[in-house]
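Since the model is a prediction, treat every value here as computed from it, not as a measurement.
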Number of protein chains: 2
Amino acid sequence: MPGVSDCIEMLDSETKAAETPEDHAEELRLWLRLLTCTTLIEGEVRGRLRQRFDVTLPRFDLMAQLDKAPDGMTLSDVSKRMMVSNGNVTGLVERLVESGHLDRRTSETDRRVQVIRLTKLGRAEFRRMASEHETWIADLFADLTPKDVRELMRLLAKTKASAQKSAARRRP
Amino acid sequence: MPGVSDCIEMLDSETKAAETPEDHAEELRLWLRLLTCTTLIEGEVRGRLRQRFDVTLPRFDLMAQLDKAPDGMTLSDVSKRMMVSNGNVTGLVERLVESGHLDRRTSETDRRVQVIRLTKLGRAEFRRMASEHETWIADLFADLTPKDVRELMRLLAKTKASAQKSAARRRP
DNA sequence: CCAAATTGTTTTAAGCCTAAAATGTTTCCT
DNA sequence: AGGAAACATTTTAGGCTTAAAACAATTTGG
């Protein structure tokens with residue numbers, strides 16, 4: 001019969017797990033709900049970007065990163081920020097340079113490094129899309145009160161920290 | 001100078017938006033944080049599935065849907081549940097039938113419909129993966145208290161409802 | 001100095017994913 | 001019955017994504 005002591009022993013999660021299979025159904029449900037929310041919103045944003053501006057979500061995301069960096073970013077920077085693979089960025093950038101939204105040049109000081117920036121066209125188009133994008137997001141979250149938003153921010157920060165810790169445990 | 005009345009007027013978000021450009025920075029930050037959390041966890045799960053079981057996340061997700069439906073599901077059902085396109089499911093199923101994890105047959109009563117089920121092999125492999133998967137999730141969320149989990153569940157349910165409402169507004 | 005390790009990027013091979021059009025089947029409506 | 005609408009799935013064309021290997025340039029440690 002489980003009691004208060006479980007909560008204390010559980011601080012050391014290794015030892016006990018081997019003995020009795022824990023019930024992690026709540027966390028699993030939470031993960032599925034988190035994933036559902038994100039997928040739902042992401043799909044909605046993707047569709048609106050395509051319909052309104054004929055642009056893909058990854059292209060928009062990449063431009064968003066560059067808009068915050070007037071002096072440009074290296075491909076690695078972008079890859080880390082967007083949390084996607086290096087090779088992914090290479091292809092994305094290629095297409096955006098091709099369409100005239102990005103400017104790519106090799107760093108003067110380190111010939112391995114490629115620095116990319118928004119072109120004038122790229123920046124103008126991004127700003128136009130971003131302002132509309134912001135209203136979509138506001139609308140998607142419209143039923144949350146300011147307090148809800150604050151609380152979600154706090155809990156998601158905690159979630160992110162927890163997940164990063166767990167990831168680091170596995171891959172130190 | 002903004003005051004209390006803004007909070008009240010804002011209940012009708014349409015009218016005011018046209019006059020003064022609102023500040024939706026908070027919602028935007030929330031969305032980015034939500035996306036970061038999901039991407040982080042999803043990447044971690046994807047990597048572990050690949051390393052431990054040499055299986056992709058979409059394959060695992062599809063098997064998870066079928067595990068909950070002993071009598072099988074139609075491709076449309078799966079597509080709706082997974083929130084992915086029909087064509088996507090077709091290909092995914094094809095590969096899983098090929099590898100012997102799924103059984104696909106045309107419905108007796110409606111020749112348009114394909115019913116898919118886990119095979120014995122598929123179910124066994126899924127169960128094996130799922131139990132380990134559950135511990136990963138628990139570990140990723142380990143720093144959240146039971147209260148945090150409950151609160152996140154509540155707020156994400158509210159978020160989902162809000163987003164669905166917004167999506168329905170656009171596409172009635 | 002120079003070989004080894006590290007870093008930044010690209011390439012490769014395979015799979016995932018979408019939107020839209022096409023195909024085949026059933027239902028609905030008169 | 002018979003044509004139109006609705007439905008389930010597949011196909012198509014193109015883009016996204018990853019992991020791993022390959023390549024190129026720099027840094028590091030004898």
Quick check on salt bridge (charged side-chain N to carboxylate O under 4.0 Å, His left out): which of B/R171, B/R169, B/K165, B/K160 does A/E44 satisfy it with?
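The option that passes is B/R171.
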
Tell me whether the OP1 or OP2 atom of [N] has a side-chain N or O from [X] closer than 4.0 Å.
X: B/S76; N: D/dT9; result: yes
X: A/R50; N: C/dA20; result: yes
X: A/R104; N: C/dT10; result: yes
X: B/N88; N: C/dC16; result: no
X: B/R46; N: D/dT17; result: no

Side chains of A/T119 and A/D103 only: does a donor on one sit below 3.5 Å from an acceptor on the other?
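No.
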
Under 3.5 Å, is there a donor on one side chain and an acceptor on the other for B/Q114 and B/T74?
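No, because no side-chain N or O of B/Q114 sits under 3.5 Å from a partner of the opposite role on B/T74.
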
By the 4.0 Å heavy-atom rule, please label [X] as base, sugar-phosphate, or nothing.
X: B/T56; answer: sugar-phosphate
X: A/T90; answer: base
X: A/L92; answer: sugar-phosphate
X: B/S79; answer: nothing

Cationic N near anionic O, under 4.0 Å, B/R95 to B/E98
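Here B/R95 does not pair with B/E98 in a salt bridge, since their nearest N and O are not under 4.0 Å apart.
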
5′-ward residue of the pair A/P58/B/G87 relative to DNA chain D
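The residue mapped nearer the 5' terminus is B/G87.
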
Find which nucleotide of DNA chain D each of A/R112 and A/M82 is nearest to by heavy atoms, and output the residue with the more 5' nucleotide.
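The answer here is A/M82.
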
